[in-house]
Amino acid sequence: MGCCGGEERVQREWRPLEQRSCTDIPWLILFTLFCIGMGLICGFAIATGAASRLVSGYDSYGNTCGQKNTAIEGIALSGRDQTNKKYVFFLDPCNIDLVNRKIKSMALCVSKCPDIQLDTYEDIKAFATVNGSFLCSYDLSPDQYVSDPEKATKCPKLPVLKSNSLPMFHRCTPVDIFCYARFAEALITFLSDNSVLHRLVAGVMTSKEIIMGLCLLALVLSMILMVVIRYISAILVWILTAVVVIGSLGGTCGLWWLYVDHKKSLNDTMPVNELQVAKDNVSALLVYAIAATIFTVILLLLMLIMRKRVALTIALFHVAGKVFTHLPLLALQPFWTFLALICFWAYWVMVLLFLGTAGNPVQNNQTKLVEFRMSGPLQYMTWYHAVGLIWISEFILACQQMTVAGAVVTYYFTRDKSNLPLTPILTSVFRLVRYHLGTVAKGSFIITLVKIPRLILMYIHNQLKGKENAFARCMLKACICCLWCLEKCLNYLNQNAYTATAINSTNFCTSARDAFVILVENALRVAAINTVGDFVLFLGKILIVSCTAFVGVLSLNYQRDYTVWVVPLLIVCLFAFLVAHCFLSIFEIVVDVLFLCFAIDTKNNDGSPGREFYMDKALMVSTHAHFYPLNTSHIIVLVMQI
């Protein structure tokens, strides 16, 4: 299972799509066992009654609503028959503990939620008499609701708001959520007027149709951009190049002009202090101008050297656009990945809630309410569950990368595109499930090993905020930053390792090593693609957000039912950016896979008979003459291929 085993090869024999074999089987077994452990945790929570307590709810004495209960030693009013009392009612539903994320109010099992507002204790008594639903503590009869001296603590806080039960979870929830709105207002530091939040919420609710329409517009624009970006990438790249060159030259010339101007203004008749300050400014401007000149010269030299690599980036974008026209199902990958993540996260949250109500009943010494807590080794199940969140989430994302890589590899190394499989995406998914799940499990586990310490350090940093000294704070931030950089590098290497696996069907470590060698041999090209390409994709995201925001402003301009546009427009812009990021991330993966395929193609083929290139005509025209000295026979072969 290690990365260092096996014999060293002098040179990898790349045989695209020729042979298939299962890879990293031990890691698939390990991942399967881990998932079984996740399932056992869920089973334990259900078997111990945590699921029923979560769904049906329980009162402050440990009784589960809607069923018979056994008495809990030392807990008064426990062991009650609550078969006919299926709903949980909180005496003070607005008493929420932010830190521990729970309602601090006493909870009771009732047969019916109050369907009208009750303003007095007489109303509560009448509601109990008519409906048989007792809203005060079990040790009080309805006749005592008005006269009992402890009614303020044993009966609900007045007024009792009209409530409805939540679907499936049987909790009485106030229809008027004013208390939750006030609670949310406390979290918003800029609120000085209590009506601001209500105006914002009203704005969102009034414009919900416009928001949904704009979100759909962002989705459509993202899909269109992936197809047309190949036509505008050249323009964007050269505009970027011109802006960088003009900006660097203009900045350098401006600094030299300021230096000359300040130097001329020096006058010995100036006061000593002002003269010294002026000389210091002149010296500083000279240093800045020299540094800017050196930077500009280096930048211009790099752009001169890398201009051909920039042409390669444009060609890769052009071919990536063709890939999406031949493989339109690639555009749906973000949907399936998002759906898989949402389903898993929903399951994970459900089990986490189960674990929150699992364990033994314990009476809280401060509130005197019953809580369920796990003790002993069982309390570590939550940590196991947390690791599962990271590993399985990374596994799902890695499956997307491997699926896209497999489809693009099939496209690239199929000479006659008319012979492509009917659905290369489904073919890639089949190969992934049949051969390479172990490789994906291993790659995602490596990311998990880096992500967990980073998250722990971030948690420690937040917990110690304001308490640690400057050196400790600096060290924590440095460690977090280093782990973040390592995670990004490993993510990039993993993606290329999956591509190598899709090409040659080798295990993860062999694929990572081979991909790393290819990337090192093409370091300048990698730098050009990752800088210029990423910036072009960033401009694409900004373009989608800007267009969506512009249409949003025009649409909201006709909606006069409210005056606050901030939240609806922010929601739309955030959604537009997330959608653009998801779709253009797939585009970025396609470009990276194409580049690795291109690098392998140019390394193993030269265009001569028997060693013809697999690459697209656009790549062949834009790169062949730059990287290979062509003889006459090569030129003839190249022309015939084109």
Problem - D115: partners by salt bridge (Lys or Arg N to Asp or Glu O under 4.0 Å), with sequence neighbours left out - result: K112
Exercise for the section: Not counting sequence neighbours, which residues clear side chain to side chain donor-acceptor pair (under 3.5 Å) with T382? List them please. Expected result: none
Exercise for the section: Sorted by first residue and then second, give each salt bridge (charged side-chain N to carboxylate O under 4.0 Å, His left out) pair with at least one member in residues 61-86; sequence neighbours left out. Expected result: none
Practice task
Name all residues meeting the side chain to side chain donor-acceptor pair (under 3.5 Å) criterion together with N491; count only those two or more places apart in sequence or in a different chain, and write none if there are none.
Solution key: none
Handout entry: Contacts of type side chain to side chain donor-acceptor pair (under 3.5 Å), residue S444, not counting sequence neighbours
Key = W391
Distance-only criterion, 3.5 Å: show the donor-acceptor pairs between side-chain atoms of residues 332-341 and protein atoms not counting sequence neighbours.
residue : atom : partner : partner atom : Å
T337    : OG1  : Q333    : O            : 3.0
T337    : OG1  : Q400    : OE1          : 2.5

Practice task
Mind checking ring-ring contact (aromatic ring centres under 6.0 Å, His included) for Y58 and listing every partner two or more places apart, or none if nothing turns up?
Solution key: F372
Practice task
Just jot down the disulfide bond (SG atoms under 2.5 Å apart) partners of C215, sequence neighbours excluded, or say none.
Solution key: none
Practice task
Can you tell me which residue pairs pass the salt bridge (charged side-chain N to carboxylate O under 4.0 Å, His left out) test with a partner in residues 447-456, sequence neighbours excluded?
Solution key: E394-K451, K451-E487, R454-E487
Exercise for the section: Tell me, yes or no, whether the heavy-atom count around M458 atom CE, taken from other residues, nucleotides or ligands under 6.0 Å, exceeds 12. Expected result: no
Fill in the blank from the handout: For residues 136-147, the salt bridge (charged side-chain N to carboxylate O under 4.0 Å, His left out) pairs (sequence neighbours left out) are D139-K154
Handout entry: Contacts of T403 that satisfy side chain to side chain donor-acceptor pair (under 3.5 Å) - sequence neighbours left out
Key = none
Atom pairs and distances, donor-acceptor, side-chain atoms in residues 570-585, under 3.5 Å, two or more places apart:
residue : atom : partner : partner atom : Å
H581    : ND1  : K541    : NZ           : 3.0
S585    : OG   : H581    : O            : 2.5

